[in-house]
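A short worksheet on the structure shown next.
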2 protein chains.
Amino acid sequence: MVDRKIDDQTIEKMEELLNVASDFTRLKIMHALLQGEKNVGELIEEVGASQSLVSHQLQVLRKNRLVSVRKDGTRAYYILNDEHINKLFEVVYEHVKEKEETGE
Amino acid sequence: MVDRKIDDQTIEKMEELLNVASDFTRLKIMHALLQGEKNVGELIEEVGASQSLVSHQLQVLRKNRLVSVRKDGTRAYYILNDEHINKLFEVVYEHVKEKEETGE
DNA sequence: GACATATATGAATGTCTGTTCATATAATAG
DNA sequence: CTATTATATGAACAGACATTCATATATGTC
């Protein structure tokens, strides 16, 4: 349990992570990457967004160190950097699914 | 593990929850409420924001059903509606703390 | 070299929203 | 009823940011 005091700086960092996570396109990218390494082309296809948009959002994920890149020839392969993303997905997913059952 | 397919509607709902969670003031409010029921005055004090701001953000939390209100006289007592918020806090907090240790 | 493919990046724009200020509502006290 | 306290709400504004369009960079191929 997160008990008692949390200083504002920590809350700010939590806010940053949540901000990065709270975008449709980035959620789809991260979800795709839960399955493992993917290159940009595969992500574009799976996410169903434009090349530019996917690339921009990958930049956001990179800057926030949620993903890493590995270049191979002209391809760029991305992976999730963080096991916490799995847990974050789980928690949020469970919340949504539970709300569907009860209140809608 | 959240495996394979998640439809866009579910991702949208996840986005909504994360959007609500990804705000400094609301995070402080939710953190305060992790300790239990609080009235608005107490929240204003603990969060250190203006009366108007706290009230507005409580409205956001209410509309998204993350909190419930109980009125008693002129006071309004708020509680967290959802055990998932605990887990969400934990996961995000752990992520931030781990990043502090390693990369900064 | 020229050309094609894969990815990244910059600028521009429109939308969304966090915050403040002012005001309203509701309950209690005198 | 008036005054005061606790909370809510509306309007307005400024800043952030998701998306698109156009263009740049880099690698591989011929």
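The model shown is predicted, which means the values in this text are computed figures rather than measured ones. So that the names make sense, note that chain A is the first sequence line, chain B the second, and so on, each numbered from 1. Just the heavy atoms: all of them, side chains too, but no hydrogens, waters or symmetry mates, feed the values below.
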Round to a whole Å and report the spacing from [atom1] of [X] to [atom2] of [N].
{"X": "B:Asn39", "N": "D:dT5", "atom1": "CG", "atom2": "P", "answer": "16 Å"}
{"X": "A:Leu58", "N": "D:dA18", "atom1": "CG", "atom2": "C1'", "answer": "14 Å"}
{"X": "A:Lys71", "N": "D:dT27", "atom1": "NZ", "atom2": "C1'", "answer": "10 Å"}
{"X": "A:Ile44", "N": "C:dA6", "atom1": "CD1", "atom2": "C1'", "answer": "8 Å"}
{"X": "A:Glu12", "N": "C:dG18", "atom1": "CD", "atom2": "P", "answer": "15 Å"}
{"X": "A:Lys38", "N": "C:dA6", "atom1": "NZ", "atom2": "P", "answer": "17 Å"}
{"X": "A:Lys63", "N": "D:dA16", "atom1": "NZ", "atom2": "P", "answer": "15 Å"}
{"X": "B:Arg75", "N": "D:dA8", "atom1": "CZ", "atom2": "C1'", "answer": "16 Å"}

- Task: Assign a letter to each nucleotide of nucleotides 19-29 of chain C from its 5' end: B, base within under 4.0 Å of a protein heavy atom; S, sugar-phosphate only; -, no contact.
- Result: SBBB----SS-
- Test: B:Asp8 and A:Lys28 ion pair at under 4.0 Å: yes
- Between B:Glu100 and B:Lys97, does at least one N-O distance fall below 4.0 Å, as a salt bridge requires?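 Yes.
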- May I ask whether A:Tyr77 and A:Val54 are part of the same hydrophobic cluster, defined by side-chain heavy atoms of I, L, V, M, F, W, Y residues being less than 4.5 angstrom apart, directly or through others? no
- Message: Evaluate B:Glu46 against B:Lys38 for side chain to side chain contact (heavy atoms under 4.5 Å, CB included), listing each step before the verdict.
- Response: CA-CA 10 Å; B:Glu46 191 159 341; B:Lys38 300 260 170 79; 3.1 Å; yes
- Pairwise 5' ranking along DNA chain D for A:Asn19 and B:Ser55, keeping only the more 5' one: B:Ser55
- Message: Would you say A:Arg26 places a side-chain N or O within less than 4.0 Å of OP1 or OP2 belonging to D:dT19?
- Response: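 Indeed not, no polar side-chain atom of A:Arg26 lies that close.
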- Message: I want to check one thing: is the phosphate of D:dT7, taken as OP1 and OP2, less than 4.0 Å away from some side-chain N or O of B:Arg62?
- Response: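 No, because none of the side-chain N or O atoms of B:Arg62 sits under 4.0 Å from OP1 or OP2 of D:dT7.
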- Query: Hey, is the main chain of B:Gln51 close enough, under 3.5 Å, to the side chain of B:Ser55 for a donor-acceptor pair?
  - Reply: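 Not confirmed, B:Ser55 side chain does not pair with B:Gln51 backbone.
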- Message: Check the orientation of B:His84 and A:His95. Use parallel for under 30°, tilted for 30 to 60°, and perpendicular for over 60°.
- Response: perpendicular
- Message: For a quick check under 3.5 Å, do B:Gln59 and B:Lys63 share a side-chain donor-acceptor pair by atom type?
- Response: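 Yes - a donor-acceptor pair under 3.5 Å links their side chains.
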- Item | Sugar-phosphate, base or nothing in reach of A:Tyr78, heavy atoms under 4.0 Å |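 Sugar-phosphate, no base atom in range.
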